[in-house]
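Input: a single structure, listed below in structure tokens.
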Amino acid sequence: MAPHSPGTDQIDTLLWIGFFAAAILIVAVNGALVYALRRYRASRGTEASAAPTPRRTQIRVGALLTAFAVAVFVVSLVYTDRAREIPASRASGLASASSEPLRIEATGQQWLWRYDYPNTAFSYYRLVVPVDTTVELDLVSTDVIHTWDVPALAGKRDAVPGKTNHVVFRADEEGVYEGRSATFSGQAYAAMGTEVEVISPREYEAFVQLQKAEIQAAQDRVVGLIESGEEP
């Protein structure tokens, strides 16, 4: 079972609680409205005076309560969406929620994700990030629309050719978070998954430094072979 981010679970719980509370209130108020309307219509033929006035008052009150229930529902959605922007987490790590996030470019291409780190290192398929650190991915695409989707960390975001979209997340626990293909992008789109490996800040620094050194060594090797006339 893949690990998950506790902050994301809390946000989802609040969202569902707000949704069900608003739904129950709306159903109850509308039920009262239907009941009041039926009684009003049934009594119209037998009452000659302006006796329906109290019932009209009930209808107005019901309408106000319905509007209030809808407002509560909308506010709950706004609250949970804002909570997702900066997930709650501990104060340790390379960055706190109030500081600049760790920015990494995620490039979608048929049918693989490439991640470019700040020190010019890069990796394919697996994104490596430090725990307790706010991460902002700059999503781009080289061909068609791809969707970055790691449910345990953040919602779906599209990588669109010619445009840069962003996704922000913060993992509270070390581990491997599974991602999946979410948008049809060609024949092999089903295999276009990804993984996010969350490790300690010290391990992250060691990873990007080693990755950079190995990439540079491979490039130097190719250049040396070309200059010497050998096949790479």
Side-chain angles (χ1 to χ4, degrees), residues 2-3 5 86-87 89-90 92-154 156-182 185 188 191-228 230-232:
S5 175
I86 305 178
S89 183
R90 297 185 295 272
S92 59
L94 292 182
S96 64
S98 60
S99 63
E100 287 295 319
L102 172 63
R103 302 193 63 161
I104 298 173
E105 184 175 81
T107 302
Q109 58 192 71
Q110 293 176 318
W111 289 273
L112 192 65
W113 286 101
R114 168 176 166 148
Y115 300 103
D116 288 271
Y117 301 91
N119 71 338
T120 70
F122 60 86
S123 63
Y124 288 95
Y125 177 70
R126 174 170 290 195
L127 169 65
V128 179
V129 299
V131 71
D132 295 318
T133 300
T134 301
V135 178
E136 180 174 354
L137 293 183
D138 296 330
L139 299 178
V140 296
S141 171
T142 62
D143 38 49
V144 299
I145 296 176
H146 303 282
T147 299
W148 195 88
D149 183 22
V150 182
L153 294 177
K156 298 178 182 178
R157 296 292 186 276
D158 288 338
V160 181
K163 181 180 179 181
T164 301
N165 289 330
H166 307 277
V167 58
V168 178
F169 65 88
R170 183 184 176 99
D172 296 337
E173 295 179 355
E174 296 184 24
V176 177
Y177 297 76
E178 300 290 339
R180 59 195 179 194
S181 178
S185 57
M192 190 178 172
T194 190
E195 289 182 351
V196 179
E197 183 178 6
V198 182
I199 56 181
S200 70
R202 181 175 297 179
E203 290 173 323
Y204 169 77
E205 290 295 339
F207 165 78
V208 292
Q209 293 300 327
L210 178 61
Q211 197 79 352
K212 180 179 180 179
E214 290 181 345
I215 292 171
Q216 186 62 53
Q219 292 174 342
D220 292 343
R221 172 64 175 166
V222 171
V223 170
L225 291 175
I226 293 175
E227 291 178 347
S228 63
E230 300 179 26
E231 291 292 331

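Scope of the values below: all heavy atoms of this structure, side chains included, with no hydrogens, waters or symmetry mates.
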Over all heavy atoms of both residues, which pair between Phe207 and Ser123 is shortest? Give the atoms and the distance, please.
CZ-CB, 4.4 Å

After noting the C-alpha distance and the side-chain angles of Trp113 and Tyr125, does the key distance pass the side-chain contact (heavy atoms from CB on, under 4.5 Å) rule?
CA-CA 5 Å; Trp113 286 101; Tyr125 177 70; over 6 Å; no

Grab the two heavy atoms, one from Ala171 and one from Tyr177, that are nearest each other, plus how far apart they are.
CB-OH, 4.1 Å

Determine whether Asp138 and Arg103 make a side-chain contact, defined as any pair of heavy atoms from C-beta on separated by less than 4.5 Å.
yes

Please check if any side-chain donor atom of Thr194 sits under 3.5 Å from a side-chain acceptor atom of Tyr115, or the reverse.
yes

Flag side-chain contact, heavy atom, 4.5 Å: Glu105 against Leu137:
no

Results of salt bridge (charged side-chain N to carboxylate O under 4.0 Å, His left out) for Glu203 - residues two or more places apart only:
none

Exactly one of Val135, Val150, Thr134 should register a side-chain contact (heavy atoms from CB on, under 4.5 Å) with Phe169. Which one does?
Val135

Is Arg170 paired with Asp132 through a side-chain N to carboxylate O contact shorter than 4.0 Å?
no

Looking only at heavy atoms, the pair that brings Lys212 and Ala121 closest together is N-CB, 3.8 Å

Scanning both residues in full, the closest heavy-atom pair of Ser141 with Val160 reads CB-C, 3.9 Å

If I compare all heavy atoms of Pro201 with all of Pro130, which pair ends up nearest, and what's the gap?
CA-CB, 3.9 Å

Non-hydrogen side-chain atoms of Gln109 and Met192 separated by less than 4.5 Å
no

Salt bridge (charged side-chain N to carboxylate O under 4.0 Å, His left out) partners for Glu195, two or more places apart:
Arg126

pair Leu139-Thr164: side-chain heavy atoms closer than 4.5 Å:
no

Residues in salt bridge (charged side-chain N to carboxylate O under 4.0 Å, His left out) with Asp149, at least two apart?
Arg180

With sequence neighbours left out, write down each residue that passes side chain to side chain contact (heavy atoms under 4.5 Å, CB included) with Gln110, or none if nothing qualifies.
Asp143, Val144, His146

Heavy-atom side-chain contact between Asp172 and Val131 under 4.5 Å
no

Just by modelled atom types, is the Lys156 backbone N or O under 3.5 Å from a matching donor or acceptor in the Thr147 side chain?
no

Does the side chain of Ile104 reach to within under 4.5 Å of the side chain of Leu127, using non-hydrogen atoms?
yes

Under the rule for side chain to side chain contact (heavy atoms under 4.5 Å, CB included), what residues qualify as partners of Val208, not counting sequence neighbours?
Tyr117, Asn119, Tyr204, Glu205

Please name all residues satisfying side chain to side chain contact (heavy atoms under 4.5 Å, CB included) with Tyr124, sequence neighbours left out, ordered by chain then number.
Leu112, Arg114, Phe122

